[in-house]
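Have a look at the structure below, then the notes.
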2 protein chains.
Amino acid sequence: MTRIANKIINKENLLSQGVTLLMQQGYHGTGLKEILDAVQIPKGSFYNYFGSKENFAAEVIQHYINPFIDQLNGHLEAPGNNTLSALLCYFNELITELEKADFKGGCLLGNLMGEIGDTSELCKESLQFAVNRYRDLLQAGLLKAQQEGTVRVDKSAEEMADLLVNMWQGALLRMKIEQSSIPLKQCCENLLGDFFKAK
Amino acid sequence: MTRIANKIINKENLLSQGVTLLMQQGYHGTGLKEILDAVQIPKGSFYNYFGSKENFAAEVIQHYINPFIDQLNGHLEAPGNNTLSALLCYFNELITELEKADFKGGCLLGNLMGEIGDTSELCKESLQFAVNRYRDLLQAGLLKAQQEGTVRVDKSAEEMADLLVNMWQGALLRMKIEQSSIPLKQCCENLLGDFFKAK
DNA sequence: CAAAACAAGACAACCGGTCGTATTATCTAG
DNA sequence: CTAGATAATACGACCGGTTGTCTTGTTTTG
């Protein structure tokens, strides 16, 4: 095992553990020691890899969103019925996962937007980038659904994508304190299943 | 000045400063020292008043929501055009205030739901109670608007109130990282100004 | 004067970050 | 191909400062 390969593995482990801990306990609620102990990596190495906790968090954010992009992409590209159904299917998958996790954590992006969205410039930019990537993908899906005639065309796909992202984030917060997936389901039913539908 | 009156003033000052600091820096991001220094109250007194930081935060949450309840109530009871307009007027007032604050802070409830919603049982309950009080008031307004014929009746006032609260929370998060009131305006225009409207 | 309320600061644990040293990889010269 | 120089990485003891909480002595009150 070469040294350089080990570095990549270590960074990957740190980021992965960072996603888990930051999502559940927040930025200030998670100490470096806790992350480092979990993956058995000394502090000096951490600072060699990332330079600072803030910079680490900015990378964690990107590391977090990637799987969601892939998962959504998978549903959008799958040869199924129509794109609107694919979106509904995707969100139902998310809901199932959140139920399985007992509504713990929610969304790292939403949590960090609230906690450090206006105290860390670096993380704010990382959050912006991550949210925009996600929103753009939703927008592409909604645009396709518009062309298929299942989604109304008197509103732009971009605006609807923003509405969906925002209500979903709010629903995740409600989910956390109510320990229930009802807010999530209401979000899908009312937007994708009603408000966005072509007349 | 009696001793008991002073205690009330001190508690009030602590709660008020707590609202400001917890909203901007979060729960774990704000140390007791910072709050105590700001209001010139010794640490011993704090623990005499509140018992613990967690308990303090739970009280801060209630202290935070009260003015919003009052403000919304004011708009709902004012002898204006109709209740739907009153709701729109209320939210526009909020938007103006957030713009004046340069989009800093956002909503204490949303921020804390994300940060400690699933680590502090006590705060979770306090958040639940605060959010429900707010939601119930919105629900009452929407119900009145339904009776006035300006809001659709094929959806329950409760469901619409939940949707409004959730999208508003999500919009506040987006506002924080985009430094823009556009998400907030989109929320109002699309829900109150479109989706909720009677046909 | 007893009991409760209050305030001051001690307290250990922990924070993010630094630094000197040891180890290893890569490059250069002969 | 190798010997030596240089850079990159690994590592954890250690830093000053802060954390939330608790103990203890004082003051106030009924």
Side-chain angles (χ1 to χ4, degrees), chain A residues 1-22 24-61 112 115-116 119-124 126, chain B residues 1-15 17-61 112 115-116 119-124 126:
Chain A
M1 170 105 58
T2 84
R3 209 156 159 113
I4 180 93
N6 215 314
K7 168 174 175 171
I8 294 172
I9 291 173
N10 282 350
K11 281 192 71 167
E12 165 69 27
N13 283 343
L14 281 168
L15 288 171
S16 176
Q17 193 67 38
V19 165
T20 305
L21 291 175
L22 288 187
Q24 291 195 10
Q25 312 181 346
Y27 179 81
H28 292 293
T30 308
L32 286 184
K33 189 181 186 317
E34 196 174 355
I35 303 172
L36 296 169
D37 285 353
V39 294
Q40 302 259 58
I41 288 175
K43 200 177 268 192
S45 299
F46 175 88
Y47 274 87
N48 190 14
Y49 298 155
F50 297 103
S52 73
K53 186 189 184 185
E54 187 184 8
N55 196 64
F56 172 68
E59 287 201 38
V60 165
I61 288 163
L112 291 189
E115 187 186 355
I116 52 173
T119 50
S120 162
E121 187 65 29
L122 192 66
C123 289
K124 183 167 86 180
S126 182
Chain B
M1 171 108 54
T2 89
R3 215 70 196 155
I4 178 90
N6 215 315
K7 168 174 176 171
I8 294 173
I9 291 174
N10 282 350
K11 282 193 72 168
E12 166 69 27
N13 283 342
L14 281 168
L15 288 171
Q17 192 67 37
V19 165
T20 305
L21 291 175
L22 288 187
M23 182 158 61
Q24 291 196 10
Q25 313 179 345
Y27 179 81
H28 291 292
T30 307
L32 287 184
K33 187 182 185 322
E34 196 174 354
I35 302 172
L36 296 168
D37 286 352
V39 294
Q40 302 260 58
I41 288 175
K43 221 176 240 194
S45 302
F46 176 89
Y47 272 86
N48 198 358
Y49 297 153
F50 297 102
S52 74
K53 186 189 184 185
E54 186 184 9
N55 196 64
F56 172 68
E59 287 200 37
V60 166
I61 288 163
L112 291 190
E115 187 186 353
I116 53 172
T119 50
S120 161
E121 188 64 31
L122 192 65
C123 289
K124 183 167 85 181
S126 182

Report the distance from atom CD1 of B/Ile61 to atom CG of B/Leu15, rounding to the nearest 0.5 Å. 11.5 Å

Set of residues satisfying side chain to side chain contact (heavy atoms under 4.5 Å, CB included) with respect to B/Lys124, sequence neighbours excluded: A/Ile177, A/Gln179, B/Glu121, B/Gln128

Side chain to side chain contact (heavy atoms under 4.5 Å, CB included) filter on B/Thr119, not counting sequence neighbours, yields B/Ile116

Scan for side chain to side chain donor-acceptor pair (under 3.5 Å) pairs involving residues 52-61 of chain A, sequence neighbours excluded, and state none if there are none. A/Glu54-A/Ser120

Identify, with sequence neighbours excluded, every residue that meets side chain to side chain donor-acceptor pair (under 3.5 Å) alongside A/Glu12. A/His63

Distance test, side-chain N/O of B/Ser45 to OP1/OP2 of C/dA7, below 4.0 Å: yes

Dot-bracket encoding of pairs in DNA chain D, which uses [ ] for pseudoknotted crossings and | for another strand, Watson-Crick or G-U under 3.5 angstrom: ||||||||||||||||||||||||||||||

B/Phe56 versus B/Gly18, closest heavy-atom pair with distance: CZ-CA, 4.0 Å

Atom pairs and distances, donor-acceptor, side-chain atoms in residues 42-51 of chain A, under 3.5 Å, two or more places apart:
{"residue": "A/Tyr49", "atom": "OH", "partner": "A/Asn10", "partner atom": "ND2", "Å": "3.0"}

Quick one, which residues of residues 30-43 of chain B touch DNA chain D with a heavy atom under 4.0 Å? B/Thr30, B/Gly31, B/Leu32, B/Lys33, B/Lys43

Would you give me the side-chain donor-acceptor pairs under 3.5 Å for residues 33-41 of chain B, sequence neighbours excluded?
{"residue": "B/Lys33", "atom": "NZ", "partner": "B/Asp37", "partner atom": "OD2", "Å": "2.8"}
{"residue": "B/Glu34", "atom": "OE2", "partner": "B/Gln25", "partner atom": "NE2", "Å": "3.2"}

Expected output is a numbered-order residue list: members of residues 47-61 of chain A with a heavy atom under 4.0 Å from any atom of DNA chain D. What is it? A/Asn48, A/Tyr49

Nearest atoms (heavy-atom pairs only) where A/Cys123 meets A/Ala58: SG-N, 4.0 Å

Note: contacts of residues 11-22 of chain A with DNA chain D (heavy atom, under 4.0 Å) are none

